There are 2 protein chains.
Amino acid sequence: MSISEASIGASPLGRGPTIRDVAALSGVAASTVSRALTQPHRVNQATRERIEAAARELGYAPSTYPRSTGPGRSGAVAVLVPDITNPYFFDFIRSTQHQLKTAGYTQLLVDTEEDVELEATYLEEFRGSAVGFILPATRLSDEQLISAAAKSPLVTINRSTPGVPSVIIDTPSGVQQAMEHLFSLGHRDIAYLAGPPNSWSDGRRWDALQERAELLGIIIRRLGPYHPSTRSGAAAADTLLNSGATACIAFNDLVAIGVLVRLRERGIDVPNEMSVVGCDDIFGADFCQPPLTTLTAPIEQAGRVATDMLVSRLRPGRSQMRMKAELPTHLTIRASTGPPLRPAR
Amino acid sequence: MSISEASIGASPLGRGPTIRDVAALSGVAASTVSRALTQPHRVNQATRERIEAAARELGYAPSTYPRSTGPGRSGAVAVLVPDITNPYFFDFIRSTQHQLKTAGYTQLLVDTEEDVELEATYLEEFRGSAVGFILPATRLSDEQLISAAAKSPLVTINRSTPGVPSVIIDTPSGVQQAMEHLFSLGHRDIAYLAGPPNSWSDGRRWDALQERAELLGIIIRRLGPYHPSTRSGAAAADTLLNSGATACIAFNDLVAIGVLVRLRERGIDVPNEMSVVGCDDIFGADFCQPPLTTLTAPIEQAGRVATDMLVSRLRPGRSQMRMKAELPTHLTIRASTGPPLRPAR
DNA sequence: ATGAAAGCGCTAACAT
DNA sequence: ATGTTAGCGCTTTCAT
């Protein structure tokens, strides 16, 4: 072996020492090693220490895979996020990672890049490997979702489908609140900057807005759909300016921030010439210019609840699981909303 | 079984159908099923179709774990990021996910939350399960790192340790550029807002700044260390204002953005009263107020290169691997830098 | 307290 | 082209 190779360290693809190597070195049976490592009290003090020493010496690291096939299998839970670059999922991811770890599972985090097909592919690909799925903001159709739920334990976030456990964040009430806030400021013509067509949340928000607009007797316009990213902001802002609306509510903060940037470029004053409201209160919503009025979502809690729901399904002991949890949002008012130049007619 | 249970779908913890179930249903041996599914051409057309039908009918999904233990093992590559909520890693994560997937590996993404101990724990925990590691911005000591590299194939990013393969993003040259930019604007007293003490990048940047400051005959002050998040911004900004410096270069954009926010709160005009430069050009650097001058890092490329390096180590066929790659950064000038009130003395 | 043996789901030699 | 067998690393009865 050359020096350079030695310096590299681990042998390429060299399977590390196995439980049998440790057994041989400590002069016991493999099963004893297994016990010593997983149920230390079930083995003699002296033996255990000998085994531990041998394991240390060999640099033994147990592979978790076999546990996933044998009896008492644990395993991985796959979390499929549509866009890992969307700050919305930050706290969610952290939250699920914590909860899963605590419950003895490994988080398998996958970015589906807003692509339904990719999402379906991963769902299928990991079906055999993961013991369950968490699907925040899935883009799957009801049929796909139901079929997937029939095959693997799974929990969705912000997506209600019959028979599929879900955690719902109540943004519809939130956007209604936002609308009323705008109404109270004098706005009478409001635009909704729509998100992905296959987003369930999008549909619900739009419905809620229409309903409330009718009640208030004001105009609500649906613009878009837009890809939920800051890049869509320019297009959305331009359309918005030509629409006649004096305020807008965006599908999410990314779009809203993109709109703010574009409006500034075009010299439009926010909120005096245009009020902007986002959804989610993501990283950046507080330091963009002007700071964004938005709906703060309890996303970290959503992650916790979703994980608990899934885990309770995974443990056969538990009696019965909650099929649905609903979490409230609240409106965080910042400088991006204010009076329109003049109350509409 | 109650209706509600039925509607839930998958049986709780029900191990799905196995390859043997499919074999039984299609009247062939298990090995034939395996072949039919992995090397379709090696099996009779008719048989294959029968097997595929049976698999479909049972909803069979292969478990990937056994492949990880048996011969020709593939497996997971663990990517340990210090802070998944830091937008810096966005494109990196995407990039590694793509590359790994292409190469036939699964990305195991783990958030170590800026915690050395947690990082070490995960490194140990996944040592047996993952075939290799990618460590962007590890906080480990040289000893820990070398020891880890001796046990598992691993590639670091932004961390050079003898014998450990690494991808280095050349921010030192970048911060020197930034300093010269500030110098040309008339700044003669510049502060460096330091990052985590155990960050290798931090040390390198500081060294580069000191060296260049001496050359230019100007003052450079080290303030901090600060936790690399926007939350540290307030403390950093306050110290900064009392330091006498007319400009600052921050460890990363999160700190820089936090500083911008705080300065605005305190009514300090950026860049007229204080110039601010960040590092990394993360999401948010372009839409904060004022937009942040920063060093744009080719992080997506870094992910690609790092993955390639690791994968080439994993495949025994490859002759020899690159031990080091260096990637350049460039200074992106935005509105957060400008002339100081008056050139220092 | 420990060992022997069987088995998890899958793949790959080796036979047929 | 297909079946048989052995084996991956680990856990778990069941003996001893």
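In this text, all values refer to a predicted model and were calculated from it rather than measured experimentally. Numbers restart at 1 for each chain; the letters A, B, ... are given by sequence-line order, proteins then strands.
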Discussion item. Measuring from the side chain of B/Arg35 (C-beta onward, heavy atoms only), which nucleotide among D/dT2, D/dT4, C/dG3 has the closest atom?
Written reply: D/dT2
Worksheet item: Has B/Tyr65 got a side-chain N or O lying under 4.0 Å from the OP1 or OP2 atom of C/dT11?
Response: no
Response to the item:
Whole-Å distance, B/Gln39 CD to C/dT11 P, equals 9 Å
Worksheet item: When we call it a touch if two heavy atoms are under 4.0 Å apart, what does A/Val33 touch: a base, just sugar-phosphate, or nothing?
Response: nothing
Worksheet item: Does any N or O donor sit under 3.5 Å from an N or O acceptor when you compare the side chain of A/Ser31 with the base of C/dA4?
Response: yes
Discussion item. Rounded to whole Å, how long is the line connecting atom CD1 of A/Ile19 with atom C1' of D/dG9?
Written reply: 7 Å
Worksheet item: Taking for each residue the nucleotide of DNA chain D with the nearest heavy atom, is it B/Arg48 or A/Ser34 whose nucleotide lies nearer the 5' end?
Response: B/Arg48
Practice prompt. Please determine if a side-chain N or O atom of A/Ser63 lies less than 4.0 Å away from the OP1 or OP2 oxygen of D/dC10.
Written response: no
Worksheet item: Checking salt bridge (Lys or Arg N to Asp or Glu O under 4.0 Å) for the pair B/Arg139/B/Asp83: CA distance, chi angles, key distance, verdict?
Response: CA-CA 11 Å; B/Arg139 301 292 183 236; B/Asp83 179 7; over 6 Å; no
Worksheet entry | Rounded interatomic separation in angstrom, taking CZ from B/Arg20 and P from C/dC10 | 8 Å
Worksheet item: Nearest of C/dG9, C/dT2, D/dG3 to any side-chain atom of A/Thr32?
Response: C/dT2
Fill in: Between CD on residue B/Glu119 and CD on residue B/Glu113, distance to nearest 0.5 Å
12.0 Å
Practice prompt. Identify the two heavy atoms, one from B/Ile169 and one from B/Asn158, that lie closest to each other, and give their separation to 0.1 Å.
Written response: N-OD1, 2.9 Å
Response to the item:
note: B/Arg127, atom CZ; D/dG9, atom P; distance rounded to Å ~ 15 Å
Discussion item. Distance check, rounded to the nearest 0.5 Å: B/Ser95 atom OG versus B/Phe89 atom CZ?
Written reply: 13.0 Å
Fill in: Interatomic distance, B/Arg42 CZ vs C/dA13 P [rounded to whole Å]
10 Å
Worksheet item: Atom CZ of A/Arg50 and atom C1' of C/dA1: how far apart are they, to the nearest Å?
Response: 12 Å
